[in-house]
Amino acid sequence: MPTAILKKKTNTIGLELPVYRGGKTTLCAGCGHNAISERIIDACYQMGVDPGQVVKLSGIGCSSKSPAYFLGSSHGFNTVHGRMPSIGTGAMLANKNLVALGVSGDGDTGAIGIGQFVHLMRRNLPIVYIIEDNGCYGLTKGQFSPTADLGSTLKTGVVNDLPPIDTCALAIQLGATFVARSFSGDKKQLNSLLKAALSHRGTAMLDVLSPCVTFNDHEGSTKSYAYAKSHQDQVGELDFVPHFEDISVEYEPGTTREVELHDGSRLYLKKVEEGYDPTDKMQSLRVLHETHERGEFATGLIYVKPDATDFIGGLNLVDEPLAFLNEEDVRPPASVLTDIMKSFS
Ligand SMILES: Cc1ncc(C[n+]2csc(CCOP(=O)(O)OP(=O)(O)O)c2C)c(N)n1
Ligand code: SF4
Ligand SMILES: [Mg+2]
């Protein structure tokens with residue numbers, strides 16, 4: 001009897017899914033952050049991302065611990081609280097061929113790291129920047145973070161009396177070129193958004209509602225699983241077609257919006273509300289504001305500007321990554337310095 005040889009399933013660069021996994025999670029069972037790690041693993045595998053070319057970056061928090069649980073063979077830098085953007089900028093300046101994948105928290109980004117976040121968004125550094133948003137400081141036992149909604153409560157009953165920062169609205173206002181919001185429990189939407197973010201050249205900012213089951217999953221919280229499931233308002237269903245798949249999508253004109261990304265991948269926004277156009281900045285801001293006023297949160301690709309110059313492109317660097325240049329390439333000969341000195345005399 002012929003023996004069947006089972007061929008292992010691999011992606012476009014010949015790697016199997018387990019290569020994209022990391023260490024065993026030490027986060028609480030049911031934490032939204034764990035689901036996001038799973039989606040990152042799937043997206044990187046499906047996009048054929050080379051793990052050896054990825055730099056994982058994070059700050060401090062439960063969310064910032066999570067890069068340890070995916071892409072175990074990639075480079076990693078768990079930085080100081082709120083300071084991931086500057087380390088990411090340095091890494092990308094040194095080697096512009098890397099894929100930067102940043103994971104932050106709503107505290108890490110919205111509180112101590114807000115200054116760094118602001119400048120990252122306006123610079124358009126090529127990085128996928130994920131905020132795992134649970135509305136609290138999970139690692140330090142659940143205090144309100146700056147994304148907690150006005151009037152929401154802690155487990156102890158304490159009421160939040162400050163208005164929240166909407167990281168998506170802030171990012172759009174600052175000039176970010178890919179801004180999305182999702183929910184850790186929405187597998188399909190988050191998968192499409194992550195793949196699109198990996199295809200975008202520039203800062204792709206994803207704010208992902210990611211409930212903290214230990215400190216912020218009760219009635220009175222607007223970041224709980226129950227609240228997220230019942231208050232999500234999708235700006236449109238999302239289909240992602242990677243550049244290496246030759247699929248033509250048929251759709252009714254007027255109901256679907258096609259967006260071509262930097263690497264030739266395409267996004268189809270289906271069943272968009274009243275002709276929602278994610279390239280229209282003012283419309284994106286209006287939708288964020290209106291949904292928030294209704295106590296809901298808009299999800300999907302909120303805003304995109306696919307053809308903007310990214311931070312590295314704008315610097316007009318040499319082709320070879322700076323980290324690989326030899327000393328002879330970067331140090332001018334003594335005669336150049338002599339000539340400069342002469343020019344001052
Ligand atoms: C300089 C500094 N200040 C304060 C802390 C304490 N601290 C650790 S994590 C954290 C907040 C984490 O919240 P978030 O980024 O939302 O992550 P989560 O744990 O909720 O995923 C704080 C304030 C610290 N580690 N370093
Ligand atoms: S404390 Fe909250 S955020 Fe931290 S691992 Fe547990 S559930 Fe997740
Ligand atoms: Mg948090």
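Not measured: the values here are computed from a predicted model. All ligand and atom numbering here is 1-based and tracks the order in the structure.
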Practice problem: Tell me, please, whether F70 has K56 positioned over its six-membered ring: NZ or CZ under 6.0 Å from the ring centre and within 45 degrees of its axis? | Solution: yes
At a cut-off of 2.8 Å, protein N/O/S around atom 6 (Fe) of ligand 2 gives C28 SG
Checking heavy atoms under 4.0 Å, the part of H33 that sits near ligand 1 is side chain
CG of N134 to OG1 of T147, rounded to nearest 0.5 Å, is 7.0 Å
Contact region, N134 to ligand 1, non-hydrogen atoms below 4.0 Å, reads side chain
for atom 15 (O) of ligand 1, nearest protein heavy atom and its distance come out as D108 N, 2.7 Å
G138 heavy atoms within 4.0 Å reach ligand 1 at atoms 18 (P), 19 (O), 20 (O)
(message) Using a strict threshold of under 4.0 Å (side-chain N to carboxylate O), is an ion pair present between K195 and D42?
(response) no
Exercise. Report yes if the side chains of V99 and L198 come closer than 4.5 Å at any heavy-atom pair, otherwise no.
Key: yes
Of all protein heavy atoms, the one nearest atom 16 (O) of ligand 1 is G107 N, 2.8 Å
heavy-atom search around atom 25 (N) of ligand 1 in the protein gives I60 CG2, 3.6 Å
In this structure, atom 13 (O) of ligand 1 is nearest to the protein heavy atom Y137 CA, 3.4 Å
Ranked by distance from atom 17 (O) of ligand 1, the top protein heavy atom is S63 OG, 3.2 Å
I'd like to check L267 versus L238 (side-chain heavy atoms, cut-off strictly below 4.5 Å). Are they in contact?
yes
Closest heavy-atom approach to atom 5 (C) of ligand 1 among K65, H81, E132 is made by H81
Item to complete: Examine distances only and state if a side-chain atom of T299 and a backbone atom of S182 form a donor-acceptor pair shorter than 3.5 Å.
Response: no
Review point. Is it true that the side chains of S210 and H33 contain a donor and an acceptor less than 3.5 Å apart?
Key: yes
For atom 1 (C) of ligand 1, the closest protein heavy atom turns out to be I112 CD1, 3.7 Å
Whether the T109 and S104 side chains hold a donor-acceptor pair (N or O, under 3.5 Å, no angle test) is what I'd like checked. yes
The atoms of ligand 2 lying under 4.0 Å from a heavy atom of N134, numbered in the order shown, are 3 (S)
Legend entry - G61 N/O under 3.5 Å from ligand 1 N/O: no
A student checking ligand 1 against L139 at a 4.0 Å heavy-atom cut-off should list atoms 9 (S), 19 (O)
Note: ligand 1 atoms sitting under 4.0 Å from heavy atoms of C136 are 16 (O), 20 (O)
Salt bridge check, D166 against R181: does any charged N sit closer than 4.0 Å to a carboxylate O? yes
Atom 6 (C) of ligand 1: closest protein heavy atom, distance to 0.1 Å, is T140 CG2, 3.9 Å
Scan side-chain atoms only and decide if S192 and Q189 contain a donor-acceptor pair under the 3.5 Å cut-off. no
So CD1 of I41 and OH of Y20: to nearest 0.5 Å the spacing works out to 11.5 Å
Centre-to-centre under 6.0 Å for F117 and Y129, is that the case here? yes
- Message: Strictly below 4.0 Å, N to O, side chains only: are D280 and R257 in salt-bridge contact?
- Response: no
